[in-house]
Amino acid sequence: MALFERDYDIYRERDALREDYQPDELVGRDEELRTYKAALQPVINGEQPNNVFLYGKTGVGKTAATRYLLGHLREDAAKYDDISLSIQFLNCDGLTSSYQVATHLVNEFRSEHDQISTTGYPLATVYDMLWEELDDYGGTVLIVLDEIDNIEDDSILYQLPRARANGKLDDTQVGIIGISNDFSFRDDLSPKVKSSLCENEIHFPAYDAEDLKAILRQRADVAFYEDVLEPGVIPLCAAYGAKDAGDARQSIDLLMKAGDIARDAESETITEDHVEEGRTALERGRIEEGIRGLTEHGHLVLYSLVTNEIEGETPIRSRDIRPRYTRFARLAERDPLVPRRMRDHLSELTMLGIVSVTERNEGRRGGTYREYELDLPVEQVLSALSETVQLVGVHESVVDMADVDLAASS
DNA sequence: CGTCCACAGGAACGCTGGGACG
DNA sequence: CGTCCCAGCGTTCCTGTGGACG
């Protein structure tokens with residue numbers, strides 16, 4: 001018998017579940033791919049490329065379809081001598097302005113030791129740098145702007161398609177592919193941008209549970225050895241995905257998490273229990289990440305809500321949260337924010353899914369207001385807070401309070 | 001049926017801090 | 001240095017709004 005033996009592993013190829021994995025075939029997106037392909041056809045014909053706008057919720061295959069088609073396009077374009085094609089992919093996550101997009105694009109085009117700072121230059125200078133880089137390429141350049149809805153002004157979306165017409169570019173034709181999670185982004189565009197960017201629109205609908213099952217099977221076949229998955233696992237992952245948003249990414253992540261948990265437990269199969277466990281773990285991670293991104297005042301507001309929750313005072317309107325909040329702010333030696341700003345923090349918590357809100361209206365007597373309450377167990381929020389936040393005095397006093405009250409109520 | 005409550009949330013602006021550049 | 005740029009976080013001021021009251 002061998003002294004060393006590889007650990008038993010349920011994974012054949014775990015990478016097949018990772019975000020960057022590119023499957024050979026895209027499941028359930030035939031229609032969209034056909035339209036998309038037609039929109040890209042001019043590139044092969046050596047014509048001015050179309051601008052394309054893709055929209056649909058997260059995890060419905062927009063980015064995957066783009067990677068898939070552009071991969072083929074690149075390959076096929078190479079067969080024709082008279083076509084020079086470059087593709088630039090930029091994820092706009094965290095980029096809020098045309099300015100930032102422009103600087104990042106310049107950096108994408110430039111070599112590593114020639115990068116520019118993302119602040120400091122006048123906007124016009126950055127654009128000039130961008131035109132220069134673009135014109136050096138010649139031929140056709142396709143620029144993919146993923147998560148384009150992060151950009152809050154459309155100046156660059158106006159400039160890019162018109163650069164050639166405005167005499168900024170001589171040798172290069174530019175096509176933009178915009179990908180958005182948010183349909184209303186399209187409506188907020190100025191008409192002139194909309195008409196050029198949205199000349200080809202492709203809508204990606206959410207996946208239903210059946211689509212998700214097919215996708216999960218496809219990935220699971222590569223990722224796991226045979227008979228590792230218990231029969232209920234894929235339907236369960238698919239059901240969660242379909243319930244939330246028809247999001248394939250989320251379902252696949254869940255499957256992977258369940259797999260990791262099963263592997264850690266040295267289980268030979270993945271069970272539905274592993275999926276449930278995975279779901280809690282992912283949820284937890286999501287919350288911690290959300291909380292980490294908040295400012296100090298965001299944390300103080302959350303603490304205030306938590307304590308009110310402990311005391312059974314929720315749902316609670318913002319003005320009733322305020323006294324507690326001001327006290328905590330003093331305790332942490334910070335100036336309390338004005339009510340308007342406090343409400344902003346509350347709505348931020350709502351968007352993170354930590355807090356839920358109900359709108360109430362008492363008419364002339366009481367007017368319209370919102371009532372907030374914690375959408376998660378107090379302990380979960382507190383432990384996430386303690387992982388990520390250091391606010392002198394506040395955390396301790398809240399935890400004390402939680403202990404006392406939790407003990408009293410049990 | 002118009003009024004009006006009390007807040008929602010948009011708009012405008014100020015301040016701080018970081019970088020580029022002459 | 002001072003002068004441009006930018007982002008992020010905050011304040012101030014304001015208009016919008018659904019439904020109970022008179």
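Keep in mind that this is a model prediction, so the values were computed, not measured. Reminder, nothing fancy here: chain letters follow the sequence lines and each chain counts from 1.
Thr368(A) comes within 4.0 angstrom of a nucleotide base, judged by non-hydrogen atoms across all strands. Counting non-hydrogen atoms under 4.0 angstrom, Ser347(A) reaches nothing in the nucleic acid. Within the 4.0 angstrom heavy-atom criterion, only backbone atoms of the sugar-phosphate kind lie near Ser97(A); the bases stay farther away. When heavy atoms are screened at a 4.0 angstrom cut-off, Tyr372(A) is found touching the sugar-phosphate backbone but no base atom. The residue Leu337(A) sits close only to the backbone: its heavy atoms come under 4.0 Å of sugar-phosphate atoms, none of a base. The residue Thr96(A) sits close only to the backbone: its heavy atoms come under 4.0 Å of sugar-phosphate atoms, none of a base. Contact annotation for Glu359(A): no contact, since no heavy-atom pair falls under 4.0 Å across all strands.
For the residue pair Asp260(A) / Tyr11(A), a side-chain donor-acceptor distance below 3.5 Å is found, with atom types taken as modelled. Tyr240(A) and Glu276(A) form a side-chain donor-acceptor contact under 3.5 Å, judged by distance and modelled atom types alone. For the residue pair Arg164(A) and Thr172(A), no side-chain donor N or O sits within less than 3.5 Å of a side-chain acceptor on the partner. Side chain to side chain, Ser383(A) and Arg284(A) meet the donor-acceptor criterion of an N or O pair below 3.5 Å.
Geometrically, Arg319(A) does not engage Tyr369(A) in a cation-pi contact defined by less than 6.0 Å to the ring centre and at most 45° from the axis.
Comparing Gly367(A) and Arg370(A), the nucleotide of DNA chain B nearest to each residue sits closer to the 5' end for Gly367(A). Residue-to-nucleotide proximity on DNA chain B shows that, of Arg319(A) and Ser117(A), the 5′-proximal contact is made by Arg319(A).
In this model, no side-chain donor or acceptor of Asn361(A) finds a partner on the base of dG19(C) within 3.5 Å.
Side-chain N/O atoms of His345(A) include none lying less than 4.0 angstrom from OP1 or OP2 on dC9(C). Put simply, Tyr121(A) has a side-chain N or O that comes within less than 4.0 Å of OP1 or OP2 on dC21(B).
As rounded to whole Å, 10 Å separates atom P of dA20(B) from atom CE of Met129(A). Taking atom CG of residue Asp344(A) and atom P of nucleotide dT11(C), one finds them 10 Å apart after rounding to whole Å. Straight-line distance from the CG atom of Asp320(A) to the P atom of dA6(B): 13 Å, rounded to whole Å. The CZ atom of Arg341(A) sits 14 Å away from the C1' atom of dG10(B) (whole-angstrom rounding). What separates CD1 of Ile151(A) from P of dA7(C) is a distance of 12 Å, to the nearest Å. Rounding to whole angstrom units, CG of residue Asp335(A) and P of dT11(C) are separated by 9 Å. Rounded to whole Å, the distance from OH on Tyr369(A) to P on dG9(B) is 15 Å. For Arg340(A) and dG10(B), the CZ to P distance is 7 Å, given to the nearest whole Å.
In this structure, the side chains of Glu272(A) and Glu230(A) stay at 4.5 Å or more apart for every pair of heavy atoms.
With dC7(B), dC5(C), dG18(B) as the choices, the nucleotide that has an atom nearest any side-chain atom of Pro122(A) turns out to be dC5(C). For Thr119(A), the side-chain atoms get nearest to dG19(B) when compared with the rest of dG10(C), dG19(B), dC7(B). Taking only side-chain atoms of Arg364(A), from C-beta outward, the nucleotide of dC21(C), dT11(C), dG19(B) with the closest atom is dC21(C).
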